[in-house]
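What follows is a set of notes on a single structure, which appears directly below.
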Amino acid sequence: MTHPAVPGLVAPGFVVYPLSPESRPQILEHLLRLPPEDRRLRFGVPVSEETIAGYVEKLDFSRDAIFGVREDPSALAGFTHVAQLDDAVELGLSVDALHRGRGIAQAMFRRALLHARNRGFRQLFMHCLAENAAMMHIAREAGMRIVIDGSDRDASLSLPPATMLSVGTEYYEGQLVLLDWALRASVPHALPATN
Ligand SMILES: CC(C)(COP(=O)(O)OP(=O)(O)OC[C@H]1O[C@@H](n2cnc3c(N)ncnc32)[C@H](O)[C@@H]1OP(=O)(O)O)[C@@H](O)C(=O)NCCC(=O)NCCS
């Protein structure tokens, strides 16, 4: 698919970037762009701007994996938090309203799954509200087991052990990030200010 921000840049699907603490301001802006209803779907309860700011401030980049997709170099189109539990991970993700329905959430979901599997985690969890039809669809497509608890849905997926192929695929995705970065750097104004 072609990057609108970088004419001519062709990548198989979306390039999902691992994010570093320098991306906190962009993560915050992305989450604050979500309308209140989407924030409720993302966090499971209505959340204030202050709560979101606190959440972003507390993101632990050394323990958890944080991924993002950028269609515009200055903003995140999608954000995924892969929170580490004991021997499992819990996934939370969101996509800007402008960029929905193009597979960004599924690309981030696949990247999170690969990350968790390659580090030996055996389960991936996701908490959804029943009315979150798009997320429930993604969960079902991924073969997740869905437990109904009132208006809540707890989805879980058993992760297979890492293989040479899964490790190689993650390495390849890392190379794609570097290639994407290099191509953006060669196009004026296409490089994000922070990674
Ligand atoms: C849920 C969300 C992440 C989806 O992002 P997205 O980038 O639009 O998702 P994708 O394009 O990757 O995939 C959406 C899929 O859901 C399907 N879908 C969308 N709306 C649907 C609906 N009302 N009913 C059933 N399926 C639906 C799409 O057809 C697509 O499936 P397909 O590729 O098989 O056709 C986004 O809507 C969002 O950020 N919502 C607010 C936050 C949130 O709910 N986060 C999840 C909680 S952890």
Side-chain angles (χ1 to χ4, degrees), residues 1-5 11-19 23 26-49 51-56 58-60 63-72 75-85 88-116 121 123-159 169 173 176 180:
M1 96 161 312
T2 305
H3 264 264
F14 294 92
V15 178
V16 182
Y17 272 71
L19 301 179
S23 296
Q26 287 192 347
I27 295 171
L28 180 60
E29 284 165 18
H30 163 76
L31 291 173
L32 293 182
R33 273 196 303 278
L34 296 176
E37 178 56 15
D38 282 352
R39 292 184 201 165
R40 188 177 72 85
L41 292 175
R42 167 60 179 80
F43 292 98
V45 289
V47 284
S48 66
E49 296 196 350
T51 305
I52 290 180
Y55 162 78
V56 173
K58 288 200 186 90
L59 281 173
D60 185 342
R63 183 196 60 193
D64 299 342
I66 320 280
F67 295 109
V69 167
R70 286 191 179 95
E71 285 286 84
D72 170 340
L76 288 176
F79 159 67
T80 295
H81 181 186
V82 189
Q84 184 176 323
L85 309 176
V89 293
E90 183 169 11
L91 193 63
L93 50 85
S94 49
V95 173
D96 256 4
L98 275 177
H99 295 288
R100 290 194 187 152
R102 299 168 54 207
I104 292 182
Q106 289 170 86
M108 295 194 299
F109 183 95
R110 281 192 296 271
R111 185 67 188 82
L113 196 148
L114 197 60
H115 168 91
F121 294 105
Q123 291 276 324
L124 182 144
F125 293 108
M126 218 165 54
H127 184 76
C128 291
L129 295 177
E131 67 263 36
N132 200 340
M135 207 58 232
M136 293 308 299
H137 174 84
I138 292 171
R140 281 194 205 95
E141 286 289 299
M144 296 187 88
R145 183 170 163 267
I146 296 166
V147 176
I148 301 172
D149 178 13
S151 61
D152 291 340
R153 302 285 183 270
D154 285 311
S156 65
L157 186 66
S158 296
L159 300 175
T169 304
E173 300 233 346
L176 269 185
D180 188 70

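Each ligand, and each atom within it, is numbered from 1 in the order the structure gives.
Looking at atom 28 (C) of ligand 1, its nearest protein heavy atom turns out to be His137 CD2, 4.4 Å. For atom 36 (C) of ligand 1, the closest non-hydrogen atom of the protein is Arg100 NE, 3.4 Å. Looking only at heavy atoms of the protein, atom 4 (C) of ligand 1 is closest to Ala105 CB, 3.7 Å. In terms of protein heavy-atom proximity, atom 47 (C) of ligand 1 is closest to Leu41 O, 3.5 Å. When hydrogens are left out, the protein atom nearest atom 27 (C) of ligand 1 is Ala134 CA, 3.8 Å; that is the closest non-hydrogen contact. Counting only heavy atoms of the protein, atom 42 (C) of ligand 1 lies nearest to Asp38 O, 3.7 Å. Atom 25 (C) of ligand 1 has Ala133 O, 3.9 Å as its closest protein atom, hydrogens excluded (heavy atom only).
Ring geometry for Tyr55 versus Phe79: interplanar angle over 60°, hence perpendicular rather than tilted (30 to 60°).
The ligand atoms of ligand 1 that sit less than 4.0 angstrom from a heavy atom of Met135 are 1 (C), 46 (C). Close contacts of ligand 1 with Ser94, meaning ligand atoms under 4.0 Å from a residue heavy atom, involve 39 (O).
If you look at Arg102 next to ligand 1, the close heavy atoms, those under 4.0 Å, all belong to the backbone. Only side-chain heavy atoms of Asn132 come within less than 4.0 Å of ligand 1; its backbone N, CA, C and O stay farther off. In Gln106, the parts holding a heavy atom less than 4.0 Å from any atom of ligand 1 are both the side chain and the backbone.
Ligand 1 has no N or O atom lying under 3.5 Å from any N or O atom of Glu141, backbone or side chain.
At a threshold of 4.5 Å between non-hydrogen side-chain atoms, the residues Leu129 and Met135 do not count as touching. Between Leu76 and Asp96, every side-chain heavy-atom pair lies at or beyond the 4.5 Å cut-off. Arg111 places none of its side-chain heavy atoms less than 4.5 Å from the side chain of Phe14. Between Glu173 and His115, every side-chain heavy-atom pair lies at or beyond the 4.5 Å cut-off. Between Ile52 and Phe43, some side-chain heavy-atom pair lies under the 4.5 Å cut-off. Under the 4.5 Å side-chain criterion, counting only non-hydrogen atoms from C-beta, Arg153 is in contact with Ile148. In this structure, the side chains of Asp154 and Ile146 stay at 4.5 Å or more apart for every pair of heavy atoms.
For atom 46 (C) of ligand 1, the nearest non-hydrogen atom from the set Val95, Leu129, Leu93 belongs to Leu93. Across Gly44, Gly101, Gly92, heavy-atom proximity to atom 8 (O) of ligand 1 is greatest for Gly101.
Within the structure, the closest approach of Gly103 to ligand 1 falls below 4.0 Å when heavy atoms are considered.
At least one donor-acceptor pair closer than 3.5 Å links the side chain of Arg39 to the backbone N or O of Leu32.
The minimum heavy-atom distance linking Met108 with Ser94 is given by the pair CE-O, 3.6 Å.
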